[in-house]
Participant: 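To start, I am sharing the structure in question, which I have written as structure tokens.
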There are 2 protein chains.
Amino acid sequence: MEINPLKLENQLCFPLYACAKEVVRQYKPFLDEIGLTYTQYITMMVMWEEKSMNVKTLGERLYLDSGTLTPLLKKLEKQGLIIRQRSTEDERNVIVTISEEGENLRQKAVEIPLKLGSCIPIAMEEVQTLYVLLYKILGSINKQDCTDKK
Amino acid sequence: MEINPLKLENQLCFPLYACAKEVVRQYKPFLDEIGLTYTQYITMMVMWEEKSMNVKTLGERLYLDSGTLTPLLKKLEKQGLIIRQRSTEDERNVIVTISEEGENLRQKAVEIPLKLGSCIPIAMEEVQTLYVLLYKILGSINKQDCTDKK
DNA sequence: CTTTTTAAAATTGCATACAATTTAATTTTA
DNA sequence: TAAAATTAAATTGTATGCAATTTTAAAAAG
């Protein structure tokens, strides 16, 4: 009984990739109502919690770089949800701060996680298991570059 | 003890989204060696297995639509890895067939899953658990549109 | 104190993703 | 059978993602 190492469904990566895409897609109708994309939504989630932080730190939290964040933050600023300003202490840093309007949006967003939960019929303990495993993988990646492994 | 429903780390979706992104990123150095992107790689994986199929079926397998696949398949065709041709039976269908060169590429790709495995330090049984849960979610999504849930 | 190095954003270029629309072909209906 | 509905790809437009480069500022080295 030979196992095909290149069969799509034998890879862990593929269900991860597909599942993430499909779950994110479930958010769309709800996010449309508040005028955010998914990436903008997770960015606002950090802003609702932190109120203010620089692009670098925000990127570490979201696993995104400035190439993605810069244009995204400009859009959020144009929508009036955040303010971007150079730090006076260290002018290399751009500080992102949530605006009044951004704070207000939180009220409309607060129901979304619950609504999404009902879209994904999975037991709480399974969610917990999944959650722990995903963070385990996330934590172990980036620790080392495995390309130079002999 | 209040739980913040909008805290980034309390969402299942975020670790899923971030983990998928980071794991896919780990493939890059290996895929660079054979000249494929990740999406092209999973497409070739299906082609190596199926040899020939139409765009629609390929899309169902990969959870991708023609908007993504059409340009991607054109690039693979330009690289000589596949052949695209309209079905003579039903001219709405485009049949994608693997080429000789595409078949040959499999030899170079076959080591990739193993190499990746060593980048992700996680026990086999955990992989299995994760795998089952991800497919459970994937299977339950698309069954129903949950927006109209009262 | 000047040069070099490092660091943070921004920019550039390429490759997805996906909703929405269009086009062309096939099926179903009336 | 002719019109209407459905279907498969392709096209269009918008929004990521990310590697690589550039720009500007701060820190470290000599």
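Within every chain, numbering begins at 1; the chains are lettered A, B, ... in the order of the sequence lines, protein sequences first and strands thereafter.
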Participant: Using heavy-atom distances to pick each residue's nearest nucleotide on DNA chain C, tell me which of T70(A) and T68(B) is more 5'.
Facilitator: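 In this pair, the answer is T70(A).
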Participant: May I ask you to decide whether R106(B) forms a salt bridge with E49(B), counting only side-chain N to carboxylate O separations under 4.0 Å?
Facilitator: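 Judged by the 4.0 Å cut-off on N to carboxylate O distance, R106(B) and E49(B) do not form a salt bridge.
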Participant: Once you round it to whole Å, what is the distance between C1' of dT23(C) and CZ of R86(B)?
Facilitator: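 Atom-to-atom, R86(B) to dT23(C), this comes out as 10 Å.
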Participant: For the residue pair W48(B) and Y41(B), categorise the inter-ring angle as parallel (less than 30°), tilted (30 to 60°) or perpendicular (more than 60°).
Facilitator: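 Rings of W48(B) and Y41(B): perpendicular, over 60°.
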Participant: Would you indicate what T39(B) reaches in the nucleic acid, counting non-hydrogen atoms under 4.0 angstrom: base, sugar-phosphate, or nothing?
Facilitator: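 If one applies the 4.0 Å heavy-atom cut-off, T39(B) turns out to touch the sugar-phosphate alone, with no base involved.
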Participant: Any side-chain N or O of K74(B) below 4.0 angstrom from OP1/OP2 of dT11(D)?
Facilitator: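 The answer is yes; a side-chain N or O of K74(B) sits under 4.0 Å from OP1 or OP2.
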Participant: Determine the contact category for D90(B): base if any of its heavy atoms lies under 4.0 Å from a base atom, sugar-phosphate if only primed atoms, P, OP1 or OP2 are that close, otherwise nothing.
Facilitator: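 Sugar-phosphate contact only.
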Participant: With nearest nucleotide decided by heavy atoms, which residue, S87(A) or I42(A), maps closer to the 5′ end of DNA chain D?
Facilitator: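 Per heavy-atom nearest nucleotide, the more 5' residue is I42(A).
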Participant: Ignoring the backbone of R25(A), work out which of dA19(D), dC18(C), dT11(C) is nearest its side chain.
Facilitator: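 Nearest nucleotide to the side chain: dC18(C).
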Participant: Starting from C1' on dT16(C), measure out to CG on L31(B) and report it in whole angstrom.
Facilitator: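 My rounded result for the distance is 14 Å.
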Participant: So does R84(B) get a backbone contact from the side chain of E77(B), meaning a donor-acceptor N/O pair under 3.5 Å?
Facilitator: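 Judged by distance alone, yes, a pair lies under 3.5 Å.
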Participant: Distance only, no hydrogens: is a donor on one side chain within 3.5 Å (strictly under) of an acceptor on the other, for N54(A) and T57(A)?
Facilitator: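 Short answer, yes.
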Participant: So, OP1 or OP2 of dA9(D): does either fall under 4.0 Å of a side-chain N or O from N93(B)?
Facilitator: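 So the side-chain polar atoms of N93(B) do come within 4.0 Å of the phosphate oxygens OP1 or OP2 of dA9(D), strictly under.
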Participant: Measuring from the side chain of V94(B) (C-beta onward, heavy atoms only), which nucleotide among dA10(C), dA27(D), dA9(D) has the closest atom?
Facilitator: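 Minimum distance to the V94(B) side chain belongs to dA9(D).
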Participant: So, are E91(A) and R86(A) salt-bridged, with charged N and O less than 4.0 Å apart?
Facilitator: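 No, E91(A) and R86(A) are not salt-bridged.
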Participant: With both distances kept under 3.5 Å, what pairs with dT7(D), Watson-Crick or G-U wobble?
Facilitator: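 Base-paired to dA24(C).
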Participant: Taking atom C1' of dT7(D) as reference, at what distance in whole Å does atom CD of E60(B) sit?
Facilitator: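 Atom-to-atom, E60(B) to dT7(D), this comes out as 12 Å.
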Participant: Starting at atom CD of E91(A), determine the distance to atom C1' of dA27(D), rounded to an integer number of angstrom.
Facilitator: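 Those two atoms, CD and C1', are 15 Å apart.
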Participant: Under 4.0 Å between a side-chain N or O of Y17(B) and OP1 or OP2 of dG17(D)?
Facilitator: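 So the side chain of Y17(B) is within the cut-off, an N or O lying under 4.0 Å from OP1 or OP2 of dG17(D).
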Participant: Quickly work out the K78(A) NZ to dA15(D) C1' distance and round it to whole Å.
Facilitator: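 The distance from NZ of K78(A) to C1' of dA15(D) comes to 13 Å, rounded to the nearest Å.
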Participant: Kindly confirm or rule out a cation-pi arrangement of K21(B) over Y17(B), judged by NZ or CZ under 6.0 Å from the six-membered ring centre and within 45° of its axis?
Facilitator: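 Yes, K21(B) sits over the ring of Y17(B).
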Participant: May I have the distance from E77(A) (atom CD) to dA9(C) (atom P), rounded to whole angstrom?
Facilitator: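 Distance check: E77(A) CD to dA9(C) P gives 14 Å.
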Participant: May I ask you to evaluate whether K56(B) reaches the phosphate of dA9(D), defined as a side-chain N or O under 4.0 Å from OP1 or OP2?
Facilitator: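 No, outside the criterion.
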Participant: Looking at K21(A), I'd like to know whether one of its side-chain N or O atoms comes within less than 4.0 Å of OP1 or OP2 on dA17(C).
Facilitator: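 No, K21(A) has no side-chain N/O under 4.0 Å of OP1/OP2 on dA17(C).
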Participant: Report which part of the nucleic acid T37(A) touches: base, sugar-phosphate, or nothing (heavy-atom distance under 4.0 Å, all strands).
Facilitator: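 Result for T37(A) = sugar-phosphate.
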Participant: Just call it for L69(B): base, sugar-phosphate, or nothing, with non-hydrogen atoms closer than 4.0 Å on any strand.
Facilitator: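 Result for L69(B) = nothing.
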Participant: Give the rounded distance in Å between these two atoms: CG of N54(B) and P of dT7(D).
Facilitator: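 Whole-Å distance recorded here is 14 Å.
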Participant: Write down the distance between NZ (K75(B)) and P (dC14(C)), rounded to a whole number of angstrom.
Facilitator: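 The distance from NZ of K75(B) to P of dC14(C) comes to 10 Å, rounded to the nearest Å.
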Participant: When you measure from the side chain of R92(B), which nucleotide among dA25(D), dA25(C), dA9(C) comes out closest?
Facilitator: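 Closest nucleotide among those given: dA25(C).
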Participant: Can you tell me whether the side chain of S66(B) and the base of dA10(D) have a donor-acceptor pair closer than 3.5 Å?
Facilitator: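 Yes, a donor-acceptor pair under 3.5 Å.
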